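Below: one structure, written as structure tokens.
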Amino acid sequence: MDWIIREQGFDKERIAANGNKFMIGNGYMGYRGTMEEFTREELTATTLAGLYDRVDGKWREPVNAPNGMFTRLEWEGTPLGVLTGGAGAGAGVELLEHEQQLDIRRAVHRRRTVFRVPGGGAEERRVTLTAERFCSAERLNLLAAKLTVQSSADGELVIRTGIDGEVWDINGPHLEGLAGREAEGSLLLAGMTRELKVPVAVAETATFDVGEQAVTTDSDSPIREIRIPCRAGETYTIYKYAAVFTGLDGRGDAGEAALRLSREAAGLGYESLLKEHAAKWEEKWSRADVVIEGDEEAQLALRYSLYQLLIIAPEHSEKLSIPARGLSGQVYKGAVFWDTEMFMLPFFLYTQPETARNLMMYRIHTLDGARRKAAEYGYEGAFYAWESQETGDDACTLFNVNDVFTGRPMRTYFRDKQVHISADVAYGIWQYYSFTGDDSILLNGGAETVWECAKFFYSYAYFNPVKQRYEILDVTGPDEYHERVNNNAFTNALVKRALYIALEATDFLQANDPEQYEALVKGSAIQPEQVRDLHDRLYVPQPDAKTKLIEQFDRYYTLEDVPLPELKSRVLNKNEYWGGGNGLATTTQILKQADVVLMLHLFQNQYDRETKKANWEYYEPRTEHGSSLSSCIYALVAADIGSSEWAYPYFLRTATIDLTGDSKQYVGDLYIGGTHPAANGGAWMAAVLGFAGISFNGNTVSIKPSMPHKWQAVELPLILRGQSFKVRVMPTGVVVEAGADNNEAVAFKLGTHEVQVAPGETAQADL
């Protein structure tokens, strides 16, 4: 039960939400949880990682491949489908039963649908369709499906299946020159992207035991038509193997590569492919699963969150990262945000450090794009993209939101004022280095990247001669409802940390690769001593001596202190944007998401409990939680101060966001639906870093649990400095088991007791 997501019945209004909820994927592509008979009208999509296209000056976005899983049924001339089987359907088809299911342990999507079909007199005639599919975790370019049909009466079944080239696009169409053909029993549909002319090809091979087929390829959707004379009670099965390749895969002709793989898959057979796929997922879960004892709801929600991260993890490439909406579609331009470093990276650091490395190498590979952006604005160094695609150039526009009242584009300052993104990148690179000890990332571009970020901040910072300090002015922090503010506490604190990282990284480079160090700083207008001065004299807002409160930015306290319910009562249109120049929240203290509280989480060891508690209590009632990034941070800080019951609702809201579909779908008239991988990562952080109280500083693992009352224990694997551990955390004690294959001891601080846990040893302590 803890591994199955299911939904009974069919609700047309849930099509988009269920497309997200029941997704499958493998890091190379994501396939939405839609029905086999659905088309672009129902947002069917095979979204490819790292392939982008632009049409007619519109926003660039990821490319959706043609749908190789397309299948429609017809019984005795009557179409069968969930959209044609509703009450009062003209075709006389009635939908009797429908269940959609996702096995998150094996990453397999299933459906079962029972139709009542016309004819037969007084005798009821039923046709039952079952189907399952998966994106292979072993063969990343492959989708495989199994469909079975059974009828209660004799009759002719027609299956139309193949490749649907009419794909869902927000700003497309992105594929041109699509041409379909039959190739020795297989189907092929190939074309290329419009902007960069990258080939995209989908091949499909189908196998079945009975029936006759005819193939039509006179359109951009090659389809095979299989006619089966069905007998009552007999089961008829068809297997489909669809392969997707692009010109970025380095496999020669994309069409030929797709044909080879689809035929190879058909030769191996569905069950064999499923077995190797399931084995791969068992391996993934062995490194990622978090077992919660005593709370079934939290268990399933957390596992589902981890599943969503695992299906989009770029395990196969260091030139990919994770977009803000994963691989669920083209929303947010398929761009990579700061979400990756702040909300997803921790999960991978503790469970899949090789994937964490890929995420940070993506930032290194896109350094030139960040340099171009800095130069565009007249700054030195690297100003990382707010919305980053394959080159690192910023896909974010200056007018991201439309006014719902006038329809006019609103000037926003996401692109040019959220400077903390460069600090987020530096922070992430150093986190990876600290967790793994892998200094190759610094030698292979990491040190250069964080140095370039430091140069940017030196050129951006303002020196206040009166106060004899540096300040960071005219920025937008995590709270996007307040743009162009001065000395945002989160931004300043993270910039200070980034400067420290840059100095540490260049010292490392000087000691380990003097030639690269000289090349980096020689001739630079900004030298390490200047960065050190900026670090030492950079202003970071501090807690008030009496109230312990940290002002979010200069003059924040002068804004209208209106209760959140009252501000909501002023809303005239449910989709109106609260920020920008004249948004409802702009002149008030209401904030979009965790800002100061996020800073208190990141730098938790620098602040005492009283400061964290005072700021949590002050800012939470003033937080709309208008971003899926917000609730998990309030959960983390609440757990940190020992208030796990405060934390629990925020954790659960985070962990269930894609299960319930309860999230913002529009900002202005901009559609922002899709999955929420940052929230998925935040759920893991809240459970493991918050409730289980696990933290690692690069040398010592500290465990200080603060668990909800119903949680009896949390058990999970960790990989730290290349060493594997099993940890069991209970409210009253901790057990740590080191892997027998470990090659060195790691220090654990269990409560107040510190021990070195050597390979194969078990340590435990009462708390």
Side-chain angles (χ1 to χ4, degrees), residues 1-25 30-39 41-45 69 71-73 75 78-89 91-118 124-135 145-152 235 237 295-308 311 328 652-653 655-663 665 673-676 680:
M1 182 65 70
D2 287 340
W3 297 95
I4 303 296
I5 307 298
R6 56 169 50 86
E7 190 161 311
Q8 301 279 354
F10 175 71
D11 181 356
K12 188 175 181 180
E13 300 303 314
R14 294 277 300 166
I15 287 177
N18 285 346
N20 302 320
K21 179 178 178 178
F22 291 97
M23 267 193 67
I24 55 175
Y31 191 92
R32 288 177 58 79
T34 49
M35 297 297 98
E36 283 69 20
E37 63 268 28
F38 284 178
T39 66
E41 298 300 322
E42 291 77 41
L43 311 187
T44 298
M69 294 284 99
T71 304
R72 279 188 172 167
L73 304 184
W75 176 264
T78 300
L80 302 182
V82 291
L83 291 172
T84 59
V93 176
E94 183 180 352
L95 190 64
L96 296 178
E97 300 175 31
H98 179 70
E99 179 178 273
Q100 190 169 2
Q101 193 181 101
L102 181 65
D103 178 351
I104 60 176
R105 183 162 192 163
R106 302 198 304 169
V108 176
H109 176 276
R110 301 188 184 98
R111 64 90 65 93
R112 180 179 181 274
T113 310
V114 181
F115 303 95
R116 179 187 287 127
V117 295
E124 181 178 85
R125 304 208 302 179
R126 295 187 174 201
V127 176
T128 301
L129 166 67
T130 63
E132 68 177 36
R133 61 175 180 254
F134 61 91
C135 289
K146 174 184 178 181
L147 300 96
T148 65
V149 182
Q150 187 181 68
S151 68
S152 64
T235 298
T237 303
D295 190 344
E296 291 185 3
E297 181 183 13
Q299 177 69 88
L300 183 60
L302 181 58
R303 278 182 172 153
Y304 179 77
S305 294
L306 304 188
Y307 165 83
Q308 285 287 354
I311 65 172
S328 64
L652 209 56
R653 186 186 308 171
T656 60
I657 187 170
D658 290 325
L659 288 171
T660 63
D662 185 17
S663 63
Q665 299 298 301
T675 58
H676 298 79
N680 303 144

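The residues of the chain are indexed from 1 along the displayed sequence. Treat the numbers as computed from the prediction; the structure is a model and nothing was measured.
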- Message: Could you walk me through whether Leu83 and Glu42 satisfy the side chain to side chain contact (heavy atoms under 4.5 Å, CB included) test, starting with their C-alpha distance in whole Å, then the side-chain angles of each, then the deciding distance to 0.1 Å, before giving a yes or no?
- Response: CA-CA 10 Å; Leu83 291 172; Glu42 291 77 41; 3.5 Å; yes
Can you tell me how far the [atom1] atom of [X] sits from the [atom2] atom of [Y], to the nearest 0.5 Å?
X: Ile657; Y: Tyr304; atom1: CD1; atom2: OH; answer: 11.0 Å
X: Leu306; Y: Ile104; atom1: CG; atom2: CD1; answer: 8.0 Å
X: Phe115; Y: Thr78; atom1: CZ; atom2: OG1; answer: 11.5 Å
X: Glu37; Y: Leu129; atom1: CD; atom2: CG; answer: 7.5 Å
X: Cys135; Y: Met23; atom1: SG; atom2: CE; answer: 7.5 Å
X: Arg133; Y: Tyr31; atom1: CZ; atom2: OH; answer: 5.0 Å

- Task: Let me know which of Leu43, Ile24, Ile15 forms a side-chain contact (heavy atoms from CB on, under 4.5 Å) with Arg32.
- Result: Leu43
- Polar side-chain atom of Asp658 near backbone of Ser305 as donor-acceptor pair, under 3.5 Å: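 Judged by distance alone, no pair lies under 3.5 Å.
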- Query: Is there a donor-acceptor pair closer than 3.5 Å between any side-chain N or O of Thr675 and the backbone N or O of Ser328?
  - Reply: no
Can you name the closest pair of heavy atoms from [X] and [Y] and give their distance?
X: Arg14; Y: Thr660; value: NH1-O, 3.4 Å
X: Pro118; Y: Val93; value: CD-CG2, 4.4 Å
X: Thr34; Y: Thr44; value: OG1-OG1, 3.2 Å
X: Leu80; Y: Thr84; value: C-OG1, 3.7 Å
X: Asn20; Y: Gly674; value: OD1-CA, 3.4 Å

Mind checking whether [X] and [Y] have side chains closer than 4.5 Å, heavy atoms only?
X: Ile5; Y: Tyr307; answer: no
X: Thr39; Y: Arg72; answer: yes
X: Val114; Y: Arg112; answer: yes
X: Glu297; Y: Leu652; answer: yes
X: Glu94; Y: Glu124; answer: no

- Task: Indicate whether any N or O donor in one side chain lies under 3.5 Å from an N or O acceptor in the other, for Gln150 and Thr235.
- Result: yes
- Query: More than 12 non-hydrogen atoms from neighbouring residues, nucleotides or ligands closer than 6.0 Å to CD on Glu13, yes or no?
  - Reply: no
- Item | side-chain hydrogen bond (donor to acceptor under 3.5 Å, both in side chains), paired with Glu7, selected from His98, Gln101, Lys21 |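 Running side-chain hydrogen bond (donor to acceptor under 3.5 Å, both in side chains) over His98, Gln101, Lys21 with Glu7 returns exactly one hit, Lys21.
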- Task: Could you point out which residue of Glu36, Gln100, Glu99 forms a side-chain hydrogen bond (donor to acceptor under 3.5 Å, both in side chains) with Arg111?
- Result: Glu36
- Only one of Arg6, Arg110, Arg303 clears salt bridge (Lys or Arg N to Asp or Glu O under 4.0 Å) with Asp103; which? Arg110
